[in-house]
Amino acid sequence: MTDTTPPCPRRFGRFAAGLAIMPLLAGCSHAHLSFLAPQGPIAAAQRDHFWLVIAITLVVVLPVFVLTPVIVWRYRYGGRAAYRPRWSFSRRLEYVIWGIPFLIVGILAVFLWRQTYALDPYNPLPADNEPLHVQVVGYDWKWLFIYPDQHIATVDELVFPDDRPLALELTSDTVMQSFFIPSLGSQVYAMNGMVTRLHLAADGPGRFRGENSQYNGKGFHTQRFTARAVSDATFSDFVERVRRQGRALDRPTYQILDGRNTVPELARALDGTGDDALRFSAIPDGLFSAIVAGVPIQSLLPGPVVTSARQTPLHQPQGGTP
Amino acid sequence: MTATPSRHPGLNLGRAHQEAHDACEVLVFGFWVFMMSDLIIFGLLFANYVTQLDALAGGPGPGELFEMKSAFLETLLLLTSSFTYGLASYCLKYRHGRGWLTAWLGVTLLLGLAFIGFELHDFHKMAGEGGVPSRSGFLSAFFALVPLHGLHVASACLWMVVLMVQMCVHGLDTGVKTGLVRLGLLWHFLDIVWVGIFSLVYLGGLA
Amino acid sequence: MTLNHFLDLALGRLDWHALPFWEMIEQPTLSHIVNGSIVTAAASLVVLGALATVVLITRFGKWRVLWSDWLTSVDHKRIGIMFIVVALVMLARAIIEAVFMRAQQAVGLDGGFLSAEHFGEFFTTHGTIMVFFMAMPFLTGVINYVMPLQIGARDLSFPVMNSVSLGLTAAGAALIMVSLVLTPFSTGGWSGYPPFTEASFNPGAGVDYWIWAVTLSSLGSTMTGINFAVTIYKERAPGMHLFRMPLFCWTALCTSILMIFAMPPLTVATAMLALDRYLDFHFFTQDLGGDMMNYVNLFWLFGHPEVYILILPAFGVFSEVFSTFSGKRLYGYKGLVIATMCIAVLSFTVWLHHFFTMGQSPSINAAFGIATMLIGVPTGVKIYDWMLTMYRGRVRLTIPMVYALGFLILFVLGGMTGILLANPSIDYQVHNTLFLVAHFHNMLVPGLLFGMLAGYQMWFPKAFGFRLETRWGYRAAYAWIAGFILAFFPLYALGLLGMPRRAVGFIEPAYLPWTIIAGIGALVVLFALFSLVMQFWLSLRHRHENRVPVGDPWDGRSLEWATPAPVPEYNFPVTPEVSSRDAFMREKDLGQAYQRPAEYRDITMPANSALGPILTVTGFLMAFGLVWYLWWLVLLAGVASVGALIARSFVRRTTKVISAEEVRETHEAWLRQVDETQAVKRDKEQDTSNRGRPAAPVSGAVQ
Amino acid sequence: MSDSQRQSDTIDENERRHELGSYLWGYGLALALTLVPFALVAWSGWPRVTLLWAIGGFALVQVVVHFRFFLHISLARQKREDLHLILFSTLILVLMVGGTLWIIFNLYGRMVPELLP
């Protein structure tokens, strides 16, 4: 498969204030990490809002930085400046120190209100094309991406056409997790028995680092994945390939997937190598809603019935743990 | 020492008990603060109960588990005990003698124990119908809220017994008097919480 | 009954696996040996430390003194000091843990030396200790010591309950310490979110340690809150109107109100989690109608006010520091009081900002976001009020002042990132990342720890009668500031780069430079801690040169400075009459300080009580029994606790009398000493010539 | 017995009658306020929502009755720390409980609609 990684962030001028972080962003490795180098409209709006709030807040913050040293120097012990030990109130100053923060907070509140509504992750994104529906399930310590319309699924790999927004539905088959692709936009919790929604889009083709940001046990730090925005044709190829070469999600496989293991452990347990090791073809309808409803998945899947609890017992790592 | 007007006009001992009255000032205020803290606990359990109303998970709900008759009886018992405790405070404040005081306290204690007895009987019956806390989120919420109130009533009963024993040992001294005033606050407060419980849990569930 | 049955009953679920080195013996892989050695070393430290303490006390024959002068004492000053001792011990442990975590992340690119579970225990204990067993006891201790003196009271309203509060906090701290010896501790973070902390995912003893330690501490804190609030309402000296109280007392009042109302949600949350784990309830489980969102909501109903419980007392300390060391009245006293009250009330309206990303409607997010930003207004006002307090003053760069200035600058930055986080749309990006970690450390290190350390430096001579040494003191202060900047500013960058919190390792090389800088910062903080120890040690050795028996080394303004150092048990020989703010400064201004009262009277003081230490032991045993399923122990300790409470209620001799004669003698001896002492000007205040008597003010207070 | 003591005794007499009356009134009112909602639920056959409002209304009034007649909290006198305390607690309670219900039901609406009432 071809990767069309674009050059590093294009609009450097916009965030001169982020100089401290820039060298590292500019040296961006294989995947985009930060919303400060946004790769989609949501992250870009968040980046803009971020700098805007900083700029507005500086109105009250800068005077403290500047005036504190000045005051300490000018009114130092042994200095000659006026000494008024009983002076402790000035009506005019009170207006300033209460008024200006109120004003600032008022202005910020307007932006906050607008942006909160505009960037609500449940809002579908305006686009010419239909969004791509993906259902995301959090397991211990990997993500399963179900493409309901394509009837395929992948582990820790989210591939989508760059000209279509993503419409994600999220849940967790284990503890609470937080689904997060920083360079594209917001993070949202994924919780057992519940469905949260998230809409994202990419500006163009690229690879973006995704992660779970909510601690969920010892494999937590490995729960990273790559989201890839690709051209329409590449996406079709990808779907075709998974349908052809992906493995069947049968009962034993699902049981291992549902266990507590990291992606390398999972791959080893499934005895898989290569690109297609963790891609599944022929996903039945209703898998996602069955997971949300907490009904046994067994009936939906082919293969021999395995006696498994939905929750894997602890300290007995399932399947692939060496 | 001249009698100052009662500084703490709520539930108090009055001027006839100058020394205890002064000691009461701080103790009663402190106890009020504690009760308000406790009130938050009950309030949150009420809120939690409301959010779990539909978390039946296929288990039995209020309609199957609650009984109006016993809820009504428990309400009457607790309300009457609040009244009789009021009469006990009245006897204490106006020095009607230890006999009356003890009698009213005894009646209150009996009513309180009867309340606990009926409540336990209720829980037992609920358990027989599958209404155990491990059955559903709803039942967990119920068993966090209502038995906690019962536990409070039980502790209040224990406290009352301790105070009655103290009355025998030390007589009606400052320690006992201030204890009785604080216990009174607790007793009336628990009745107020019960108003919430019978209205929201029982009547709300059966409506 | 067979032996096995008996052992099951007697030992609950305690077995060899609880020993820290057991895993290392069973599976001697490199990782197990490294991690096992670290835990074993820590466990040995705890055991040896406890043994050494016992041996030393026995050797010097101090058991009686310890028991009658300290453990059973209900004197608010001694209880305050004991609270601070608990806090400092726990501070040392939590900082060492922080250094381990930073070291791990500095080498955490594709590896590191800590196992993931061990790292999980580190961040959980670090957070739990810092909040519940360092910050809370520290501020409780400082308020305990200072507040009654400042309002002219003899003690708190409920001295025995105060001792019980200390006892419960100490029992919780002891439980956490014991978890080093009988492992493991929870890995669920200080907030303990279910369902991760439910029995189905974490069946071991770890989460139970966390639950009971936190529960003990929160019970203690609720009682402390009640005690402080009632004291401030009912025990003020004549003339000490609410609006004449030093600002520290106002912040103490607001903090205690927050404790009274914010601890219950935590108690409810932990109790429900315990019911889930022990009795198979379904509050937060995944099945049968449980809902973890209720926990998150309850926890932060406590968690946000908690932040202000922690910060407000430090605001109070800084108010005293700025005005004392600028030799000037506090600017905008009423504004500061109003701002404090606004913060206290508003803090109950913002808890949702801890879970903006849970999926609720934008209307709710926006409402809570705006409420959050509103808190920025009174906080900003306070910052400016402190700057204006220095304005037209005479600023002396003493150690407390270094902390205060460091706070002023750094806290403003933290406030700015707080405003950023208050915006839901930005929070969607930085939530759960190290940006958040940097933010709350930025609030709590300068905003709480610097405040408490400044208070420690300022009031130490009051409590012990000698000043702290300055050279290591300055080193500590500057190292704290520099260490903080180095350790936490990189975390802002890491957060913006999308690094999640609580990650033991990472695969992005871009993170590495920042984690290394942060690791260096942690070492600087460790040096700061070392400097504090050195300072204390040297001060102890040179205590005679640094004595300040007159008791007013900093030309103080409020009533506590009007007493000798150390302060006698009854605080004031006669209850002071107050006629203005800055009561003691006014007396000095008018030349009326150090007066002989017309008449000395007998003073009634609360008598010692063993209830506190008894409940410490029974509370600890009950919690320990619950953790390891030792039901016999739970029952025994529970009955003992109730029995002790009932027995106490029968005690009628709860006071002792200090005779007027004794009070007169002590006071007159001190007044003679005052007369004999050379008064010093402010440029000599860190000098050995400072015996605690400030020079009379020429035009004002300082020059 | 001193003069002032005797004087205060006469004041006590009024207070005593007043206080006894207070308990009696309280009991009577509380009894009525309990009986009515129970009767309504048992026999009225009103629609559920109306019933719930009625129960809530009666409960609120009864809480006030308890505070007034059993705990002797009134709005009348000036220095009332306990009253301030109760009002402040009520404020906090309303914030916490109201906020909780608002948040949790909103979350249900967005994520698990089947849990909505």
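Numbers restart at 1 for each chain; the letters A, B, ... are given by sequence-line order, proteins then strands.
- The 12-atom threshold is exceeded at CH2 of D/Trp102, counting heavy atoms of other residues, nucleotides or ligands nearer than 6.0 Å.
- Note that CZ of B/Phe198 is 4.5 Å distant from CD of D/Gln62, once rounded to the nearest 0.5 Å.
- To the nearest 0.5 Å, atoms CH2 (B/Trp32) and CG (D/Leu83) are separated by 9.0 Å.
- B/Phe46 does not touch chain D: none of its heavy atoms, backbone or side chain, sits under 4.5 Å away.
- With hydrogens and angles ignored, the 3.5 Å screen pairs a side-chain donor or acceptor of D/Tyr108 with a backbone N or O of B/Thr51.
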- Task: Might you work through the side-chain contact (heavy atoms from CB on, under 4.5 Å) test for B/Leu200 and D/Ile55, ending with a clear yes or no?
- Result: CA-CA 8 Å; B/Leu200 183 96; D/Ile55 295 168; over 6 Å; no
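- Rounded to the nearest 0.5 angstrom, B/Tyr94 OH and D/Leu20 CG are separated by 9.5 Å.
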- From CA spacing to verdict: side-chain contact (heavy atoms from CB on, under 4.5 Å), D/Leu24, B/Phe83: CA-CA 8 Å; D/Leu24 285 167; B/Phe83 175 63; 3.6 Å; yes
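- The distance from the CZ atom of B/Phe189 to the CZ atom of D/Phe67 is 7.5 Å, given to the nearest 0.5 Å.
- Heavy atoms only, all atoms of each residue included: D/Leu51 and B/Ala207 are closest at CD1-CB, 3.9 Å.
- Proximity to chain B (any heavy atom under 4.5 Å) is restricted, for D/Leu52, to the side chain, taken from C-beta onward.
- Both the backbone and the side chain of D/Leu31 have a heavy atom closer than 4.5 Å to some heavy atom of chain B.
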- Task: Kindly indicate, with the supporting measurements, whether the criterion side-chain contact (heavy atoms from CB on, under 4.5 Å) is fulfilled by B/Met36 and D/Phe88.
- Result: CA-CA 9 Å; B/Met36 291 300 112; D/Phe88 184 76; over 6 Å; no
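- A donor atom on one side chain and an acceptor atom on the other are not found under 3.5 Å apart for B/Ser82 and D/Tyr27.
- Of the atoms belonging to B/Val33, heavy atoms from both backbone and side chain fall under 4.5 Å from chain D.
- Each of B/Leu44, B/Leu76, B/Asp191 has some count of heavy-atom pairs under 4.5 Å with chain D, and the biggest count is that of B/Asp191.
- The two residues B/Phe72 and D/Leu35 make their nearest non-hydrogen contact at CZ-CD2, 3.2 Å.
- For a residue to count as touching a neighbouring chain, one of its non-hydrogen atoms must lie under 4.5 Å from one of that chain's; by this rule D/Leu60 does not touch chain B.
- The nearest pair of heavy atoms linking D/Val97 to B/Ala47 is CG1-CB, 4.0 Å.
- Pairing each heavy atom of D/His66 with each of B/His188, the nearest pair is ND1-O, 4.5 Å.
- In B/Phe118, the CZ atom is not crowded: 12 or fewer heavy atoms of neighbouring residues, nucleotides or ligands sit closer than 6.0 Å.
- One distance of note links OG1 of D/Thr100 with CG of B/Asn48; it measures 9.0 Å at 0.5 Å rounding.
- The two residues B/Leu39 and D/Leu93 come nearest to each other via the heavy atoms O-CD1, 3.9 Å.
- Neither the backbone nor the side chain of B/Ser37 comes within less than 4.5 Å of any heavy atom in chain D.
- Taking every heavy atom of both residues into account, D/Ala30 and B/Leu79 meet most closely at CB-CD1, 3.5 Å.
- Rounded to the nearest 0.5 Å, atoms CD1 (D/Ile86) and CE (B/Met35) are 7.5 Å apart.
- Ring-centre distance between B/Tyr85 and D/Phe70: not below the 6.0 Å cut-off.
- The contact between B/Leu203 and chain D is made by backbone and side chain atoms together, counting heavy-atom distances below 4.5 Å.
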- Under the side-chain contact (heavy atoms from CB on, under 4.5 Å) criterion, do B/Lys69 and D/Phe38 qualify, and how do the steps go? CA-CA 9 Å; B/Lys69 211 174 68 191; D/Phe38 269 101; over 6 Å; no
